[in-house]
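One structure is given below, encoded as structure tokens.
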Amino acid sequence: MVAFADGTPCWLDVALPDLEAGKRFYGELFGWTFGDDGDDSGAGVAGGGAGYGQYTEAFSDGKRVGGLTAKRDGRMPTVWSIYFAVSDANATSRKIREAGGLLVREPIPLGRFGVVALGADPAGAVFGLLEAGEDTGFEKTGLPGSFCWTEVYTRDAAAVDPFYESVFGFRGTDVTDEDTAAPGPTAYRVWSPAGTIPRRNTAVAGRSVITDAFPAELPGHFLSYFAVTDCDATATTVTRLGGRVTGPPYDIETGRMAVFVDNQGASFAVLAERPTGAG
């Protein structure tokens with residue numbers, strides 16, 4: 001099993017109204033297969049906690065890449081949630097409060113998955129903590145069909161930057177618009193784990209500012225990315241499967257990306273990385 005360093009994204013899952021529909025959508029989109037559905041007695045990471053329904057793990061090439069859960073309560077958001085590895089969920093939960101955030105769910109043990117908690121930053125973006133147990137999280141990342149990146153969108157970078165840098169020990173590097181080639185004047189920062197030199201190639205997560213180009217009601221949130229081989233083909237498949245393209249494919253320094261909403265309302269992004277050495 002891979003042991004993830006503190007502050008490294010180590011798992012993600014999506015809470016959906018219809019678990020079977022979610023399995024069909026992501027199964028065809030990413031070629032995922034799925035394990036047996038379990039109840040919320042410890043069968044999942046955060047989605048398998050109290051208040052949620054059945055949970056299933058997703059696999060790519062036989063390796064664990066994420067989870068899907070059926071919501072018991074329709075008032076809960078339909079959303080992909082990202083989890084950061086921590087060595088002590090209770091200690092990190094205290095840091096969340098001390099740094100001005102909120103604890104959405106106190107640390108709870110979930111069998112072989114370890115201990116899980118949910119927090120929110122000072123601007124309201126929700127994220128998870130995972131103190132690993134027997135299973136440490138992802139078994140495949142950065143390859144087609146698996147997680148490759150996450151970033152928090154916020155309207156208050158002045159509060160959010162020091163929060164994550166305090167809670168996880170992140171060291172930030174600002175990235176100019178010319179570097180990202182993203183449309184619009186968006187300030188962007190990438191975070192490297194504690195103990196590393198802060199730069200682009202050590203970064204594990206990013207922060208983007210919600211500008212006036214976004215709807216005024218859009219709250220702070222995390223957006224997670226999956227690696228694909230062809231961004232444009234993935235956009236076509238998302239539409240065919242009943243999802244929506246909310247950020248059409250466009251080029252960035254590292255490749256080509258797009259943002260989608262699945263057929264039940266959960267947002268996610270994909271990235272087709274440019275081959276090394278490609279212009």
Side-chain angles (χ1 to χ4, degrees), residues 5-10 12 77 79-86 92-104 117-129 147-225 246-247 250-255 257-261 266-271:
D6 277 20
T8 303
C10 64
L12 83 173
V79 63
W80 276 101
S81 299
I82 188 72
Y83 302 86
F84 293 92
V86 295
T92 306
S93 295
R94 289 193 294 271
K95 288 182 180 180
I96 288 172
R97 291 193 178 102
E98 292 166 358
L102 297 174
L103 206 59
V104 177
L118 292 178
D121 69 27
V126 177
F127 58 94
L129 308 177
F147 168 83
C148 64
W149 184 250
T150 195
E151 58 201 16
V152 63
Y153 281 75
T154 185
R155 299 184 188 276
D156 192 355
V160 162
D161 287 352
F163 170 83
Y164 287 102
E165 289 160 15
S166 173
V167 170
F168 294 119
F170 286 153
R171 303 180 69 188
T173 303
D174 289 323
V175 180
T176 66
D177 294 329
E178 291 77 15
D179 289 332
T180 62
T186 302
Y188 197 77
R189 170 173 283 200
V190 293
W191 285 312
S192 299
T196 64
I197 298 174
R199 55 191 179 196
R200 296 285 294 277
N201 63 0
T202 60
V204 295
R207 184 271 294 147
S208 188
V209 173
I210 299 176
T211 68
D212 292 339
F214 293 88
E217 64 274 13
L218 183 68
H221 64 280
F222 272 88
L223 178 68
S224 292
Y225 291 66
T246 57
Y250 65 91
D251 293 326
I252 59 176
E253 183 183 9
T254 55
M257 66 162 286
V259 183
F260 309 121
V261 172
S267 295
F268 65 100
V270 301
L271 173 65

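Computed from a predicted model, the values in this text were never measured in an experiment. Just so it is clear, the values below take in all heavy atoms, side chains as well, and ignore hydrogens, waters and symmetry mates.
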Residues two or more places apart in sequence or in another chain: which of them pass side-chain hydrogen bond (donor to acceptor under 3.5 Å, both in side chains) with Arg97? Glu106
Considering residues at least two apart in sequence or located in another chain, which fulfil the side chain to side chain contact (heavy atoms under 4.5 Å, CB included) criterion with Val259? Leu223, Thr246, Met257, Ala269
Where do Leu271 and Ile252 land on the side-chain contact (heavy atoms from CB on, under 4.5 Å) test, with the steps shown first? CA-CA 9 Å; Leu271 173 65; Ile252 59 176; 3.9 Å; yes
Note: Tyr188 and Ser208 closest approach over all heavy atoms is CD1-CB, 3.7 Å
Test of understanding: with side-chain hydrogen bond (donor to acceptor under 3.5 Å, both in side chains), list the residues that count as partners of Arg94, not counting sequence neighbours. none
Can you name the side chain to side chain contact (heavy atoms under 4.5 Å, CB included) partners of Ser166, sequence neighbours left out? Ala99
Return the set of residues passing side-chain hydrogen bond (donor to acceptor under 3.5 Å, both in side chains) with Ser192 (not counting sequence neighbours), or none when no residue passes. Thr202
Restricting to non-hydrogen atoms, name the atom on Phe84 and the atom on Cys10 that form the minimum distance, rounded to 0.1 Å. C-SG, 3.9 Å
Non-hydrogen atoms of Ser267 and Trp80 that approach each other most closely: O-CD1, 3.4 Å
Shortest non-hydrogen separation from Ala194 to Phe168 and the atoms involved: CB-O, 4.4 Å
Could you check Tyr225 against Glu151 for side-chain contact (heavy atoms from CB on, under 4.5 Å), going step by step and ending with a plain yes or no? CA-CA 9 Å; Tyr225 291 66; Glu151 58 201 16; 2.5 Å; yes
Listed by chain and number, what are the side-chain hydrogen bond (donor to acceptor under 3.5 Å, both in side chains) partners of Thr8, not counting sequence neighbours? none
Nearest heavy-atom neighbours spanning Gly119 and Ile96: CA-CD1, 4.2 Å
How far does CD of Glu98 sit from OG of Ser93, to the nearest 0.5 angstrom? 10.5 Å
Side chain to side chain contact (heavy atoms under 4.5 Å, CB included) with Thr173: which residues, sequence neighbours excluded? Val190, Pro198
Over 12 foreign heavy atoms within 6.0 Å of CG, Leu218: yes
For the residue pair Tyr83 and Leu129, what are the closest heavy atoms and their distance? CD2-N, 4.1 Å
Counting only pairs under 3.5 Å, give me each side-chain donor-acceptor contact of residues 156-165, with atom names and distances, residues two or more places apart or in other chains.
residue: Asp156; atom: OD1; partner: Ala159; partner atom: N; Å: 3.3
residue: Asp161; atom: OD1; partner: Arg207; partner atom: NE; Å: 2.9
residue: Asp161; atom: OD2; partner: Arg207; partner atom: NH2; Å: 2.8
residue: Tyr164; atom: OH; partner: Asp121; partner atom: OD2; Å: 2.7
residue: Glu165; atom: OE2; partner: Arg189; partner atom: NH1; Å: 2.7
residue: Glu165; atom: OE2; partner: Trp191; partner atom: NE1; Å: 2.9

Listed by chain and number, what are the ring pair (Phe, Tyr, Trp, His ring centres under 6.0 Å) partners of Phe260, not counting sequence neighbours? Phe268
Value for CD1 (Ile82) from OG (Ser224), rounded to nearest 0.5 Å, stands at 4.0 Å
